[in-house]
Student: 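Input: one structure, supplied below.
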Amino acid sequence: MKKIKYILLTLIFIIFIINIDVVIESAHNASFVFFNKIFVSVFPFIILSDILYYFNYHIFLKDNIGSFISKLFRINSESSTVFLFSLFTSHPANAIYIKNMLDNNEISVNNASNLLCYTYFPSISFVIGSIGIGLYNNYKFGLFLYLICLVNNIIIGLFLRNKNDTNISYNIRSNNDNLLDTFYNSIMKGINTSFIILGNLIVFTIIINLIIKYFNINPYILSIFSGILELTSGVINVSNINNSLNIKFCLTAFILCFSGLSILFQSFTILSKYKINIKKILIVKLIFSIMSAFIIFIVTLL
């Protein structure tokens, strides 16, 4: 067994060496996407989330809007703030919010796993601006895609509502840091989390580009496969296939609802100190993404 492992590692090493140009170009492209699209949206919200927590803004949301979300998904009011925060930010910020609550003993690991399933929201500016207007020159195209992601998450939340822990004692968060300490710690957390995201993005981009180089894959299969691995690459590949706008809409909706393994593993890395049910999250995300795309496809035929 050990020999097989070392043979595989040697093979991977050789593939990287003989394809050093692909590896470097992939790392360059992934870094460009990261610093121009991901970092600028994730890093500020990492800092913002800690500052909001410092001023107990989550309590304000919990007391004013949280009760409705709590009843809808059968979760405690503290957890409802994660859904609301995630709705207005982009993944994997949801994992950052969930980690804050786990660190402060405000949510159970089981509820965190469930919550992670239905709080993956792509950036509104990315969906409407980059996809809708940028790729398809159609504002409504992007708007409908975002609404589909919202509905998909709500349906998943309703499906998991009876699988949450209800009789749990949550600790009230006490904050002993001053604002400057909180700001400094948030910056360091933002830097560490951002580079974790960058590392995942580079690895998945290299894998996709190596597969494209060595295998002649059908454009449809390639767009779906690349979308499962990495969201941005998948969306771009879908826009380049020669087919109707309805088919592109269905495929793009599937990719956005699933979120991509790159983003999912970014979340798992952020929450690595906790025993998150990774298998459950992957299965739930995949099944409901396929269902959403299928329903959209049927509706477009009517």
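Bear in mind the structure is a predicted one, so any value in this text is a computation, not a measurement.
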Student: Mind checking whether Ile17 and Ile24 sit in one hydrophobic cluster, side chains of I, L, V, M, F, W, Y counted as touching below 4.5 Å?
Tutor: no
Student: Apply side chain to side chain contact (heavy atoms under 4.5 Å, CB included) to the pair Phe141 and Leu135, showing each step before the final yes or no.
Tutor: CA-CA 10 Å; Phe141 189 94; Leu135 294 179; over 6 Å; no
Student: Under 4.5 Å between side-chain heavy atoms, hopping through other hydrophobics if needed: is there a path connecting Val109 to Leu116?
Tutor: yes
Student: Taking CZ in Phe68 as the centre, count heavy atoms belonging to other residues, nucleotides or ligands within less than 6.0 Å. Is the count above 12?
Tutor: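 Check fails, neighbour count at 12 or below.
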Student: Which value, rounded to the nearest 0.5 Å, describes the distance between Ile155 atom CD1 and Ile295 atom CD1?
Tutor: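 It is 6.0 Å, given to the nearest 0.5 Å.
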Student: As an exercise, state the distance from CG of Asn242 to NZ of Lys248, rounded to the nearest 0.5 Å.
Tutor: 7.0 Å
Student: Let's go through Asn19 and Leu210 carefully: what are the C-alpha distance in whole Å and the side-chain angles of both, what is the deciding distance for side chain to side chain contact (heavy atoms under 4.5 Å, CB included) to 0.1 Å, and is it a yes or a no?
Tutor: CA-CA 8 Å; Asn19 294 283; Leu210 287 174; 3.7 Å; yes
Student: With rounding to the nearest 0.5 Å, note down the distance linking CD1 in Ile263 to CG in Leu229.
Tutor: 12.0 Å
Student: Is it the case that over 12 heavy atoms from other parts of the model lie below 6.0 angstrom from the CZ atom of Phe294?
Tutor: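 No, not enclosed.
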Student: Does Leu256 reach the side chain of Ile131, with side-chain heavy atoms less than 4.5 Å apart?
Tutor: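 Yes - at least one pair of side-chain heavy atoms lies under 4.5 Å apart.
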Student: For the residue pair Phe254 and Phe258, does the interplanar ring angle fall in the parallel (under 30°), tilted (30 to 60°) or perpendicular (over 60°) class?
Tutor: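 Parallel, since the angle between the ring planes stays under 30°.
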Student: Are side-chain heavy atoms of Leu251 and Ser223 found at a separation under 4.5 Å?
Tutor: yes
Student: Which atom pair, heavy atoms only, marks the closest approach of Ser31 to Ile202?
Tutor: OG-CD1, 4.0 Å
Student: Any heavy-atom pair between the side chains of Leu261 and Leu282 that's under 4.5 Å?
Tutor: yes
Student: State, with a plain yes or no, whether a side-chain heavy atom of Lys273 is found less than 4.5 Å away from one of Leu102.
Tutor: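 Of all side-chain heavy-atom pairs linking Leu102 with Lys273, none is under 4.5 Å.
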Student: When rounded to the nearest 0.5 angstrom, what distance separates CD1 in Ile156 from OH in Tyr120?
Tutor: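 Answer rounded to 0.5 Å: 10.5 Å.
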Student: Can you confirm if the aromatic rings of Phe16 and Phe13 lie within a centre distance of less than 6.0 Å?
Tutor: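 No, they do not, as the ring centres are separated by 6.0 Å or more.
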Student: How close do Cys117 and Leu160 get, counting heavy atoms only, and between which atoms?
Tutor: CB-CD1, 3.7 Å
Student: Looking at Ser292 and Asn152, would you say the former's side chain and the latter's main chain have a donor-acceptor pair under 3.5 Å?
Tutor: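 No, the answer is negative, given that no donor and acceptor are paired below the 3.5 Å cut-off.
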Student: Any idea how Phe83 and Phe121 line up, ring-wise: parallel (<30°), tilted (30 to 60°), or perpendicular (>60°)?
Tutor: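 If you compare the ring of Phe83 with that of Phe121, the planes turn out perpendicular.
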Student: For residues Ile228 and Phe215: do they belong to one hydrophobic cluster (side chain heavy atoms under 4.5 Å, members Ile, Leu, Val, Met, Phe, Trp, Tyr)?
Tutor: yes
Student: Does Arg161 use its side chain to pair, donor to acceptor, with the backbone of Ile75 at less than 3.5 Å?
Tutor: no
Student: Checking Val203 against Phe265 for the side chain to side chain contact (heavy atoms under 4.5 Å, CB included) test, could you report, in this order, the C-alpha distance in whole Å, the side-chain angles of both residues, the deciding distance, and whether it holds?
Tutor: CA-CA 11 Å; Val203 169; Phe265 276 95; over 6 Å; no
Student: Flag the pair Ile287 / Met291 as yes when at least one side-chain heavy-atom distance between them is below 4.5 Å, and no otherwise.
Tutor: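 Side-chain contact under 4.5 Å: yes.
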Student: For Ile208, which of Thr205, Ile211, Ile212, Ile206 qualifies under side-chain contact (heavy atoms from CB on, under 4.5 Å)?
Tutor: Ile212
Student: With a 4.5 Å cut-off on side-chain heavy atoms, are Leu84 and Ile69 touching?
Tutor: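 Contact flag for Ile69/Leu84 side chains = yes.
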Student: With rounding to the nearest 0.5 Å, note down the distance linking CD1 in Ile14 to OG1 in Thr10.
Tutor: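 So the CD1 of Ile14 and the OG1 of Thr10 are separated by 6.5 Å.
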Student: Assess the side chains of Ser226 and Glu230: does a donor N or O sit below 3.5 Å from an acceptor N or O?
Tutor: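 No pair is found: no donor N or O on one side chain lies under 3.5 Å from an acceptor on the other.
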Student: NZ of Lys279: more than 12 outside heavy atoms within 6.0 angstrom?
Tutor: no
Student: For Ser259 and Lys285, work out which heavy atoms get closest and say how close.
Tutor: OG-NZ, 3.4 Å
Student: State yes or no: do Ile241 and Leu231 share one hydrophobic cluster built from I, L, V, M, F, W and Y residues joined by side-chain heavy-atom distances below 4.5 Å, directly or via other members?
Tutor: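 Result: yes, single cluster for both.
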Student: Test side chain to side chain contact (heavy atoms under 4.5 Å, CB included) on Met101 and Asn111; report intermediate values, then the result.
Tutor: CA-CA 11 Å; Met101 301 196 73; Asn111 284 3; over 6 Å; no
Student: Identify the heavy atoms of Ser26 and Asn209 that sit nearest to each other, and give their distance.
Tutor: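 Taking Ser26 first and Asn209 second, the nearest heavy atoms are OG-ND2, 2.7 Å.
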Student: Quick check: closest heavy atoms across Asp21 and Lys213, and the distance to 0.1 Å?
Tutor: OD1-NZ, 4.5 Å
Student: How about Phe288 and Phe159: are their ring centres within less than 6.0 Å of each other?
Tutor: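 Ring-ring flag for Phe288/Phe159: true, centres closer than 6.0 Å.
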Student: Parallel, tilted or perpendicular: which fits the ring planes of Phe73 and Tyr118, with parallel below 30° and perpendicular above 60°?
Tutor: tilted
Student: In Å, rounded to the nearest 0.5 Å, how long is the span from CZ of Phe144 to CD1 of Ile128?
Tutor: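 Going from the CZ atom of Phe144 to the CD1 atom of Ile128 covers 11.0 Å.
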Student: Please report the shortest heavy-atom distance between Cys257 and Ile148, naming the atom on each side.
Tutor: SG-CG2, 4.0 Å
Student: Using a 6.0 Å cut-off, check whether atom OH of Tyr220 has over 12 heavy atoms from anything other than its own residue.
Tutor: yes
Student: Treat each ILVMFWY residue as a node, draw an edge where side-chain heavy atoms are under 4.5 Å apart, and state whether Ile12 and Val23 are in one component.
Tutor: yes
Student: Assess, by modelled atom type and distance only, whether the side chains of Thr119 and Asn94 contain a donor and an acceptor separated by less than 3.5 Å.
Tutor: yes
